[in-house]
Amino acid sequence: MSDSTVPAGAAASGPGFADFGRLAHQYIDGRWRTGTGSWDIIDFNPFNGEKLAAITVATVSEVDEAYRAAERAQKPWAAAGPHARRTVLEKALRITEEHTAQIVEAMCEEQGATRSKARHEVEMACEFLREAIRLTVRPEGVIVPASQRSRENRVYRLPVGVVGVISPFNFPFLVALKTVAPALALGNAVVVKPNQNTPVVGGGLIARIFEEAGLPAGLLNVVVTDIAEIGDALIAHPVPRVISFSGSDRVGRHVGAVAASHLKRTVLELSGNSALVVLADADVDYAVDAAVFSRFVYQGQVCMAANRILVDRAVEAEFTEKFTARVRALRTGDPREEETDLGPVISDFQADALSAMVDRALAEGATALVRGRTLGNLVEPTVLAGVPADSALLHQEIFGPVVVLVPFDGDDEAVRIANDTPYGLSGAVHTADAERGVHFAHRVETGMIHVNDSTVQDDPQVAFGGEKASGSGRLNGEATVEAFTTQKWISVQHGRSVFPF
């Protein structure tokens with residue numbers, strides 16, 4: 001074990017809930033520690049470039065320590081029973097609620113989240129904690145009828161053991177908690193690797209909440225590191241039986257391939273290229289509201305965001321006029337100010353990539369109905385029309401405040417365009433006839449689609465996940481139970497079996 005720890009007293013009382021200097025550490029086996037790697041991850045505020053913290057990366061050895069600590073702690077945790085686990089999760093919920101203001105502040109600083117987005121993320125995280133509390137006392141097994149009357153078949157639900165979690169930057173607190181909390185509730189231990197852009201909100205802050213809640217040491221570990229330092233050690237390590245990853249499909253393919261080679265189960269929530277479809281009978285004003293939110297929430301850096309807005313030609317002119325007026329009125333600026341609608345994108349690399357993407361589309365013949373400026377990491381909204389059908393922009397994920405308007409004639413063409421993408425994560429359809437919307441939704445190749453609502457939806461009790469290149473596996477509700485437990489069949493012969501030899 002490394003002797004390099006947080007300053008005296010921090011391990012005992014724990015750092016504050018918005019203290020970047022003290023939360024920006026490794027958290028292994030109940031100890032706040034400094035990594036022993038040869039370089040630092042610098043945690044920046046994406047709006048003003050302020051350095052929030054420097055974190056020395058964890059090494060392969062420290063990843064191993066985290067997993068071994070989780071392995072040791074898991075069996076006593078599972079044996080402690082559902083009520084003991086529920087008590088810890090109830091405390092974690094109360095702590096999260098009590099410190100909402102500090103958590104929101106940390107999100108604004110580290111993510112560039114607007115205050116409204118940050119508050120929504122904390123509210124959703126609390127909903128997922130409530131669902132995890134329910135999962136602790138979920139029935140653990142069933143009796144299944146046997147082919148012989150004298151035999152009894154018992155099928156038990158057991159924790160998988162240790163879960164590895166790789167979380168994204170866009171909803172780091174929510175996505176990590178919606179995996180960590182139910183995994184712990186079901187009797188597992190967890191090792192989290194947060195995204196390098198959000199090591200505190202997606203890692204240290206969550207560790208701090210559970211530390212305060214009394215979670216025994218070793219059950220939750222946070223390692224802040226990078227593939228350049230540890231390679232595939234986080235995925236290939238022999239201890240974790242499930243790897244949960246949220247991020248791009250490019251990285252997700254690699255995670256899935258490595259995990260499969262070690263016969264590990266995966267939950268992969270990957271990229272999206274969602275379509276919000278406005279049929280001819282839709283309430284145009286309401287569809288505009290849903291479209292603006294679906295594209296521009298958290299600067300469009302959301303896997304479920306509506307990259308493409310498909311509009312029936314019968315209402316194209318009206319929708320376009322109202323939509324572009326709403327987009328022009330959006331305020332881009334300091335995410336800490338209440339009136340700000342869009343804060344910064346996560347990095348200058350992302351800002352430059354978005355500008356280049358728009359320039360390519362314009363060179364291909366697209367028209368900018370709204371052309372936003374790029375000022376540092378602040379990227380103002382852009383609305384494009386007339387994008388050629390063969391443009392890459394229509395088929396890729398746009399992770400930022402850029403949207404494409406696409407007209408169509410009738411439902412069949414709308415379905416064809418919506419499905420013309422390698423992705424299938426979310427979607428939405430707007431119509432005056434809800435059952436028409438449901439029929440339309442059935443034809444779209446996506447894991448989730450919403451009638452008369454936004455494309456950005458999550459619910460603790462409903463299976464969340466995508467089709468095609470948008471991932472595999474599901475989370476939330478019963479899907480989470482499937483992901484983080486395994487089944488064990490124990491039969492009891494109350495009579496005597498007859499054997500053939």
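For the pair Lys51 and Asp43, the salt-bridge criterion is not met [side-chain N within less than 4.0 Å of a carboxylate O]. Between Asp226 and Lys193 there is no salt bridge, since no side-chain N of the basic residue sits under 4.0 Å from a carboxylate O of the acidic one. A salt bridge links Arg208 with Glu212: the closest approach of a Lys/Arg side-chain nitrogen to an acidic carboxylate oxygen falls below 4.0 angstrom. Between Arg328 and Glu380 there is no salt bridge, since no side-chain N of the basic residue sits under 4.0 Å from a carboxylate O of the acidic one. The pair Arg68-Glu71 meets the salt-bridge criterion, since a charged nitrogen lies less than 4.0 angstrom from a carboxylate oxygen. Salt-bridge annotation for Asp334 and Arg336: present, with a side-chain N of the basic residue lying under 4.0 Å from a carboxylate O of the acidic one.
A donor-acceptor contact shorter than 3.5 Å links the side chain of Ser470 to the backbone of Gly424. Counting only distance, with no hydrogens or angles, the side chain of Ser274 and the backbone of Ala306 share no donor-acceptor pair below 3.5 Å. Of the possible donor and acceptor atoms, one in the side chain of Thr179 sits under 3.5 Å from a partner among the backbone N and O of Val175. Within the 3.5 Å criterion, the main-chain N or O of Ala290 finds no donor-acceptor partner in the side chain of Ser454. Checking side-chain atoms of Glu110 against main-chain N and O of Val200 turns up a donor-acceptor pair under 3.5 Å. Gln299 places a side-chain N or O within donor-acceptor distance of the main-chain N or O of Pro344, the cut-off being under 3.5 Å. Side chain of Thr486 to main chain of Val160: no donor-acceptor pair is present (N/O by atom type, distance under 3.5 Å, no hydrogens or angles). One N or O on the side chain of Tyr67 and one on the backbone of Leu234 form a donor-acceptor pair closer than 3.5 Å. The backbone N or O of Thr340 sits nowhere less than 3.5 Å from a side-chain atom of Thr114 that would complete a donor-acceptor pair. The closest donor-acceptor contact from the side chain of Asp352 to the backbone of Phe349 lies at 3.5 Å or more, if one exists at all.
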Q: List the steps and the verdict of salt bridge (charged side-chain N to carboxylate O under 4.0 Å, His left out) for Arg115 and Glu105.
A: CA-CA 8 Å; Arg115 291 197 177 277; Glu105 190 67 31; 2.9 Å; yes
Q) salt bridge (charged side-chain N to carboxylate O under 4.0 Å, His left out) between Arg94 and Glu97: does it pass, once the steps are laid out? A) CA-CA 5 Å; Arg94 287 198 298 272; Glu97 291 173 330; over 6 Å; no
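Nearest heavy atom pair, residue Thr56 against residue Gly37, reads CG2-O, 3.3 Å. Closest non-hydrogen pair, Asn188 versus Gly161, comes out as OD1-N, 2.8 Å. When all heavy atoms are compared, the tightest approach of Asn273 to Arg308 is O-NH2, 2.8 Å. Annotation for Pro199 and Val224: closest pair CB-CG1, 3.9 Å, computed over non-hydrogen atoms. Of all the heavy atoms in Leu23 and Gly204, the pair that sits closest is CD2-O, 3.6 Å. Between Gly272 and Leu425, the shortest heavy-atom distance links the atoms CA-CB, 4.2 Å.
Atoms CE and OG1, on Met357 and Thr382 in that order, are 11.0 Å from each other to the nearest 0.5 Å. To the nearest 0.5 Å, the span separating CZ on Arg253 from OG on Ser248 amounts to 9.5 Å. Atom OG of Ser426 is separated from atom CZ of Phe464 by 7.5 Å, given to the nearest 0.5 angstrom. If you take OG1 on Thr100 and CZ on Phe17, they are separated by 11.0 Å, rounding to the nearest 0.5 Å.
A side-chain N or O of Glu109 and one of Asn45 form a donor-acceptor pair less than 3.5 Å apart. Using modelled atom types and a 3.5 Å distance limit, the side chains of Asp348 and Asn377 yield no donor-acceptor pair. Inspection of the Asp458 and Asn476 side chains reveals an N or O donor paired with an N or O acceptor under 3.5 Å. Checked by atom type, the side-chain pair Asn307/Arg295 shows a donor-acceptor distance below 3.5 Å. With no hydrogens or angles considered, a side-chain donor-acceptor pair links His237 and Asp64 at under 3.5 Å. Residues Thr374 and Ser355 bring a donor and an acceptor atom of their side chains to less than 3.5 Å of each other. In this model, a donor atom of one side chain and an acceptor atom of the other lie less than 3.5 Å apart for Thr36 and Glu62. Counted by atom type alone, His430 and Asp453 present zero donor-acceptor pairs between their side chains at under 3.5 Å. A donor atom on one side chain and an acceptor atom on the other are not found under 3.5 Å apart for Trp32 and Gln26.
Using a 4.5 Å heavy-atom threshold, the side chains of Phe171 and Val201 count as separate. Within the 4.5 Å cutoff, side-chain heavy atoms of Ile28 are placed close to those of Val223. Side-chain contact between Ile103 and Glu121 is absent, with no heavy atoms from C-beta onward closer than 4.5 Å. The closest side-chain heavy-atom distance from Ile206 to Leu177 is below 4.5 Å. Under the 4.5 Å side-chain criterion, counting only non-hydrogen atoms from C-beta, Phe44 is not in contact with Leu52.
Judged by a 6.0 Å distance limit and a 45° cone about the ring axis, Arg33 is not positioned over the six-membered ring of Tyr27. For the pair Lys117 and Tyr298, the cation-pi criterion (under 6.0 Å, within 45° of the ring axis) is fulfilled.
Residues meeting the side-chain contact (heavy atoms from CB on, under 4.5 Å) test with Thr87, sequence neighbours left out: Lys91. In this structure, the side-chain contact (heavy atoms from CB on, under 4.5 Å) partners of Ser472, at least two apart in sequence or on a different chain, are Thr266, Leu268.
Among Asn452, Leu276, Val277, the one residue that satisfies the side-chain contact (heavy atoms from CB on, under 4.5 Å) test with Val429 is Val277. Applying salt bridge (charged side-chain N to carboxylate O under 4.0 Å, His left out) to Glu482 and the options Arg474, Arg157, Arg138 leaves one that passes, Arg157.
In this structure, Phe169 and Phe399 have perpendicular ring planes: the angle between them is above 60°, well past the 30° mark.
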